[in-house]
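Right, one structure below, let's go through it.
Note that the structure is a prediction, hence the values are computed from the model and not measured. Convention: sequence-line order gives letters A, B, ...; per-chain numbering from 1.
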Amino acid sequence: MLRLEEILSGLNPPQREAVTHVEGPLLIVAGPGSGKTRVVTRRLAHLVLSGVAPRNILAITFTNKAADELRRRVMELGVPRGAWVHTFHALGARLLGEFGPLVGVQPGFSIYDEADQLKLVKDALEQCSLSEASWPPNVALARISAAKNRLLDAAGFAAQANDAPNRTYARVFKEYEKLLQRANALDFDDLLLRPAQLLRDHPDVAAALNDRFRHVMVDEYQDTNHVQYVLARQLSQQHGNLCVTGDPDQSIYGWRGADIRNILDFEADFRAARVIRLEQNYRSSAAILEAADALIHHNRARKRKTLWTENPRGEPVNIWRFDTGFSEADRIAAAIVREAAQGRRWSDFAIMYRVNALSRTLEDALRNRGVPYRIARGVAFYGRKEVKDAVAYLRLLVNPADDAALLRVINTPTRGIGKTTIERLARLAPVLRLSLLDACRRASEFEELRPLAAKLAPFVRVMDDLARETSVPLATLVDRVIDQSGLAEALRKERDQDAQDEDRAANVAELVSAAARFAEEHPGAGLVEFLQRTSLIGDQDTIDPEAGAVQLLTLHAAKGLEFPWVFLVGVERGLLPHERALSDGKDGVEEERRLCFVGMTRAMQHLVISHARQRLFRGATQVQSPSQFLREIDAAAVVTSDYDGAGESAAERDSSDHRIQRSEADRRIQHSEKARGHGSGWRVETDPEHAETPSRLVARRSRPADQGGPSSAKRASEPNPTTPYADWKPGTLLEHPRFGVGALIRLEPVGNETRAVVKFAGTGEKSLIIERTSLTRLAAPRKPRAPRRDR
DNA sequence: GCGGGCCGCGTTTTT
DNA sequence: CGCGGCCCGC
């Protein structure tokens with residue numbers, strides 16, 4: 001059971017003060033590494049200890065990952081279940097599930113993602129007879145989104161549109177809303193806007209929810225936009241028990257509508273608000289903190305905050321200068337290999353950059369040196385085309401009015417239903433006041449559609465057959481949908497024919513596992529809940545700091561994470577601060593500075609900030625100059641090294657320099673070898689438990705083995721190449737064309753097939769159906785790992 | 001209806 | 001340089 005001493009143990013005075021604050025508005029300004037999550041979880045526990053029922057507590061986060069983490073940690077503290085812990089969007093969806101009809105939202109509504117939205121806007125433009133050339137759909141969409149963030153619906157936007165372009169956008173907005181409503185669909189912004197309207201227009205609901213949620217907590221408050229601010233306010237207006245946590249210095253989503261003033265003005269907005277500052281940093285060395293603090297002091301839009309730490313000073317922050325992005329990448333890869341040889345785990349390192357485009361060079365360098373890595377970007381699982389297709393079938397099943405879903409799948413896999421057919425359908429369905437699916441179904445009843453009926457019939461039959469089976473267990477249903485829609489077969493055929501490096505059939509099969517897992521974790525939940533969840537999952541949720549690999553990520557993706565070693569690359573004018581932000585004036589630059597601050601403060605022990613004098617960008621070499629931010633970092637905390645520049649000192653010309661030169665030659669060798677099918681790769685020692693420790697991860701090089709890598713480590717013994725998987729043991733080395741080499745963790749029977757759970761050092765853990773994927777036992781010599789995009 | 005090829009474009013992206 | 005969208009030809 002909960003005990004006060006336990007809840008307060010190990011807390012510093014301000015942390016303790018924050019945890020024990022119960023009544024009234026509270027702002028916790030939490031600097032980086034100040035134990036914020038700890039305070040939030042303990043505070044929630046303390047509320048319960050003081051007599052608040054868990055079900056009367058609402059905690060709002062920004063990512064699913066943060067919500068899951070908070071839920072888990074609160075439970076570990078011994079707090080009984082019952083508190084609502086959600087992202088803003090999931091909360092909105094849940095409230096609309098309950099009160100939706102009051103604001104015109106019907107049960108079973110679909111949530112449209114950006115692709116769906118874009119399609120809808122294009123349709124709306126067409127309806128308004130506007131050309132996409134003069135009225136770029138993404139601009140229109142941005143206006144609509146911005147309007148919704150300001151709590152304006154189509155009518156509200158029209159009312160305040162006082163110039164010609166905005167009046168046009170207002171027409172598009174109105175049409176867009178009409179299409180959404182016809183599909184019984186909501187976009188992401190609606191998940192916030194509608195609940196805000198609900199609470200505004202229905203005081204009884206507002207009162208009931210204030211009564212239900214006696215205590216409201218909002219995390220990452222610096223990143224709230226206007227609707228979120230309004231929603232937080234509405235939900236706590238009557239009791240005033242709103243506790244927000246955040247750090248204005250880490251507000252990095254202004255470009256997306258986040259309003260830093262929400263946190264800066266909290267005290268003015270919520271009278272008698274208590275403000276508690278968490279300023280002691282437990283994460284970073286004193287040198288790192290000092291450097292970051294010096295940088296952020298150049299911002300004007302801040303809240304007073306004095307960061308300090310009791311941590312040792314540590315090494316100075318390193319600034320590394322390079323001639324090219326290539327030598328930058330290779331030097332970093334080499335440094336990681338050298339550190340790894342000393343016993344650092346691969347997952348101790350992160351490489352951060354402002355734009356995704358910078359990741360390629362780094363990937364190449366890491367691959368060349370046999371370093372396993374993971375990228376936070378990339379098409380996340382639910383973003384993959386084939387998965388979205390499968391999900392669209394499910395959406396259509398739940399919401400037959402979901403026209404966007406229908407358009408996605410009506411000819412996927414191909415059924416000979418093409419542009420003309422679809423156009424005719426789309427033109428007539430609204431006239432007949434039918435959803436597209438109903439129009440398909442009843443095509444033979446209408447003269448204009450009758451010629452199409454024969455072609456449409458098989459598709460309609462698929463949907464009708466599936467609709468009759470929705471009572472089977474979730475995973476079974478998902479499996480049937482994939483199977484009976486013909487998706488499974490089409491993807492299998494595709495795989496067998498053109499042996500591409502991505503196993504899309506395995507990806508949709510994985511959706512079945514995801515459904516099974518969901519059903520297990522959420523007993524009683526059905527397809528509707530599963531879909532709601534999948535619609536709200538983002539890339540962020542795929543970052544796994546524990547994976548046995550170096551993590552590559554954008555600065556935006558880095559927030560909330562920490563790593564013993566951080567490399568911040570490409571810190572050059574035009575890149576960080578980014579040129580597009582420079583044109584936004586001072587506010588733009590301040591946000592870029594905060595971004596840099598976020599990156600720096602992810603580092604625990606070692607921080608390397610690098611820049612190159614020239615960089616290959618968009619096929620052309622660009623001359624780059626160092627970022628102004630480098631000058632703003634306290635010189636006393638920094639050591640600068642010029643790696644291949646002309647003006648370097650003799651002291652700088654150490655062995656690492658030679659390493660670079662040699663590695664340049666190596667790269668060329670590797671390049672030609674790759675072309676001949678002997679590319680580099682890595683292999684995993686046979687103990688998956690320790691797959692991430694460098695001593696077990698053996699870089700396999702085609703060049704001589706004295707390259708400074710962990711080459712002294714034991715080599716994996718060559719596995720027997722031709723044994724059926726029945727005798728595959730944990731630790732067996734397997735190869736997958738997409739994920740590379742991994743170690744088997746376990747086998748599980750799935751019907752009459754077998755699932756292999758495999759830990760890939762690059763990608764992390766995956767479960768794959770052996771029969772349906774080309775998972776092979778590693779044979780020597782290994783084939784080149786399918787290159788992601790080598791030339 | 002579908003695939004090949006060409007053209008244009010290219011921050012960041014919690015949901 | 002690489003991707004995605006779009007157009008055109010089969």
If I compare all heavy atoms of [X] with all of [Y], which pair ends up nearest, and what's the gap?
X: A:Ala490; Y: A:Pro413; value: CB-CB, 3.7 Å
X: A:Pro195; Y: A:Leu95; value: CB-CD1, 4.5 Å
X: A:Leu358; Y: A:Gly570; value: CD1-CA, 4.2 Å
X: A:Tyr353; Y: A:Leu362; value: CD2-CD1, 3.8 Å

I want to check one thing: is the phosphate of [N], taken as OP1 and OP2, less than 4.0 Å away from some side-chain N or O of [X]?
X: A:Thr554; N: B:dT13; value: yes
X: A:Asn64; N: B:dT14; value: no
X: A:Asn225; N: B:dT15; value: no

Side chain of [X] only, heavy atoms from C-beta on: which candidate in [options] is closest?
X: A:Asp223; options: B:dT14, B:dC2, B:dT15; value: B:dT14
X: A:Thr414; options: B:dC2, B:dT15, B:dG1; value: B:dC2
X: A:Glu132; options: B:dT14, C:dC6, B:dT15; value: C:dC6

| query | Crowded around A:Glu132 CD? As in, over 12 foreign heavy atoms under 6.0 Å? | reply |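 Yes, because the 6.0 Å sphere around CD of A:Glu132 holds more than 12 heavy atoms from other groups.
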| task | Count the heavy atoms belonging to other residues, nucleotides or ligands that lie under 6.0 Å from CZ of A:Arg424, then report whether that count exceeds 12. | result |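 Open: at most 12 neighbouring heavy atoms sit under 6.0 Å from CZ of A:Arg424.
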| Distance between P atoms of B:dT13 and C:dG4 (Å, rounded) |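 One P to the other, the span is 16 Å.
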Hey, does [X] reach any base, or is it just sugar-phosphate, or nothing, if we go heavy atoms under 4.0 Å?
X: A:Asp189; answer: nothing
X: A:Ser535; answer: nothing
X: A:Thr421; answer: sugar-phosphate
X: A:Gly418; answer: sugar-phosphate

| task | Taking A:Gln234 for its side chain and A:Ala196 for its backbone only, find out whether a donor-acceptor pair lies under 3.5 Å. | result |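 Looks like yes, one N/O pair under 3.5 Å.
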| request: For A:Arg256, enumerate each residue passing the side-chain hydrogen bond (donor to acceptor under 3.5 Å, both in side chains) test, keeping only those at least two apart in sequence or located in another chain. | output: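 A:Arg256: no side-chain hydrogen bond (donor to acceptor under 3.5 Å, both in side chains) contacts found.
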Whole angstroms only, please: what is the [atom1]-[atom2] distance between [X] and [N]?
X: A:Lys385; N: C:dC3; atom1: NZ; atom2: C1'; value: 16 Å
X: A:Phe109; N: B:dT15; atom1: CZ; atom2: C1'; value: 13 Å
X: A:Lys455; N: B:dC2; atom1: NZ; atom2: C1'; value: 12 Å
X: A:Glu220; N: B:dT14; atom1: CD; atom2: P; value: 13 Å
X: A:Arg256; N: B:dT12; atom1: CZ; atom2: P; value: 12 Å
X: A:Glu363; N: C:dC1; atom1: CD; atom2: C1'; value: 14 Å
X: A:Leu193; N: B:dT15; atom1: CG; atom2: C1'; value: 15 Å
X: A:Leu231; N: B:dT15; atom1: CG; atom2: P; value: 17 Å

| request: Would you classify B:dT11 as syn or anti? Syn applies when the glycosidic angle is within 90° of 0. | output: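 This nucleotide is in syn.
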N/O to N/O distances under 3.5 Å, protein versus nucleotides 4-11 of chain B:
from, atom 1, to, atom 2, distance (Å)
B:dT11, OP1, A:Arg580, NH1, 2.6
B:dT11, OP2, A:Arg618, NH2, 3.0
B:dT11, O4', A:His578, NE2, 3.2

| Between A:Thr420 and A:Glu114, which has a closest nucleotide on DNA chain B that is more 5'? |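 By nearest-heavy-atom nucleotide position, the 5'-most residue is A:Thr420.
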